[in-house]
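The structure appears below as structure tokens.
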Amino acid sequence: MPSIQRLVYVSRATAPFSDAELRALGKQCTENNAPWNVTGLLLYSAGHFMQCLEGDRVTILRIYDRICADTRHREIRRLFLESTDTRLFPSWWMGLLNLDHRDAPLDGPHLLNALANATTTTDGHCTTDALQLFKYFRNQLPAGDAKPSAA
């Protein structure tokens, strides 16, 4: 089975996102990711983003470079890039959760604090709270409309 790359980063929005702006961003991500077989989940909370991207290494790094150049983000921090044989999000070209609309929103400092406890090996692979957080939120979303291939 081919190796899939998983990249996780956090960033701060340069300005708060409205619900309509988040929906438009989610739609844009889905349209951009589908042709490249990139899957993942984007979390938004209190002006912070946390995203997991899964796919081919070259494609994932190209997307991350575009994110780093996007003026809607600042304080971008890549948490890890790792190889895996299975996707966490095989059903979504890009799932999106606005955590500000939940009973207990996950604010930026809380999110970063959860990630501060992440354990990394010397080669940068993460065995983390971040993945547990994504797995938790993965279970909060309905199955995606378009199922990517298993690759």
Side-chain angles (χ1 to χ4, degrees), residues 4-84 87-142 144 146 148:
I4 298 159
Q5 298 297 303
R6 180 179 298 127
L7 185 145
V8 173
Y9 75 90
V10 292
S11 69
R12 183 183 298 256
T14 54
F17 273 63
S18 68
D19 289 341
E21 290 169 321
L22 284 172
R23 281 191 301 276
L25 178 61
K27 183 178 184 213
Q28 178 187 9
C29 290
T30 297
E31 290 170 356
N32 291 342
N33 292 348
W36 297 102
N37 199 27
V38 171
T39 58
L41 178 61
L42 177 62
L43 302 175
Y44 177 81
S45 180
H48 291 80
F49 288 103
M50 181 175 172
Q51 186 170 25
C52 177
L53 296 164
E54 300 171 323
D56 170 80
R57 181 181 182 87
V58 171
T59 303
I60 294 300
L61 291 175
R62 193 172 292 144
I63 290 170
Y64 181 69
D65 286 345
R66 279 200 325 251
I67 290 165
C68 289
D70 189 326
T71 58
R72 296 174 290 187
H73 295 270
R74 62 187 167 121
E75 300 174 31
I76 301 165
R77 190 174 90 195
R78 186 170 89 183
L79 299 178
F80 63 89
L81 174 66
E82 67 178 359
S83 294
T84 181
R87 294 176 187 258
L88 287 176
F89 307 101
S91 298
W92 305 300
W93 298 120
M94 189 51 57
L96 173 65
L97 273 178
N98 181 353
L99 301 178
D100 290 345
H101 292 295
R102 301 178 63 79
D103 290 337
L106 194 64
D107 63 24
H110 183 140
L111 179 64
L112 294 175
N113 186 43
L115 298 173
N117 297 323
T119 57
T120 55
T121 61
T122 56
D123 63 355
H125 286 62
C126 205
T127 57
T128 83
D129 292 341
L131 290 180
Q132 293 304 316
L133 192 64
F134 275 112
K135 287 176 184 177
Y136 171 78
F137 287 117
R138 172 189 63 194
N139 297 330
Q140 307 295 310
L141 286 170

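- Between atom CG of residue Leu96 and atom CG of residue Leu41 there is a gap of 8.0 Å, rounded to the nearest 0.5 Å.
- Note: Tyr9 and His73 have perpendicular aromatic rings, judged against thresholds of 30 and 60 degrees for the angle between ring planes.
- Note that CG of Asn98 is 11.0 Å distant from CZ of Phe17, once rounded to the nearest 0.5 Å.
- Atom SG of residue Cys29 and atom CH2 of residue Trp92 lie 14.5 Å apart, to the nearest 0.5 angstrom.
- Proximity of a side-chain donor or acceptor of Gln51 to a complementary backbone N or O of Gly40 within less than 3.5 Å is not detected.
- Side-chain polar atoms of Asp56 and Asn37 form no donor-acceptor pair below 3.5 angstrom.
- Counting only heavy atoms from C-beta outward, the side chains of Ser83 and Gln5 approach each other to under 4.5 Å.
- Arg6 contributes atom CZ, which lies 6.5 Å from atom CZ of Phe80 (distance to the nearest 0.5 angstrom).
- No side-chain heavy atom of Met94 sits under 4.5 Å from any side-chain heavy atom of Asn32.
- Two residues are said to be in side-chain contact when any heavy atoms from C-beta on lie closer than 4.5 Å; Ile76 and Arg78 fail this criterion.
- Counting heavy atoms from C-beta on, the side chains of Leu7 and Leu61 come closer than 4.5 Å.
- With rounding to the nearest 0.5 angstrom, the OG atom of Ser11 is 8.5 Å from the NE2 atom of His48.
- Between Thr39 and Trp93 the shortest side-chain heavy-atom distance falls below 4.5 Å.
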Anything under 3.5 Å between a donor and an acceptor, one on a side chain of residues 20-28, the other on a protein residue two or more places apart or in another chain? List them.
unit_1 : atom_1 : unit_2 : atom_2 : d
Glu21  : OE1    : Ser18  : N      : 2.7
Glu21  : OE1    : Ser18  : OG     : 3.3

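- Annotation: the span from Leu81 atom CG to Leu53 atom CG amounts to 10.0 Å, rounded to 0.5 Å.
- Of the possible polar contacts, none joining the Glu54 side chain to the Ile4 backbone as a donor-acceptor pair under 3.5 Å is found.
- Contact between Tyr44 and Ala13 at its shortest, heavy atoms only, is CE1-CB, 4.5 Å.
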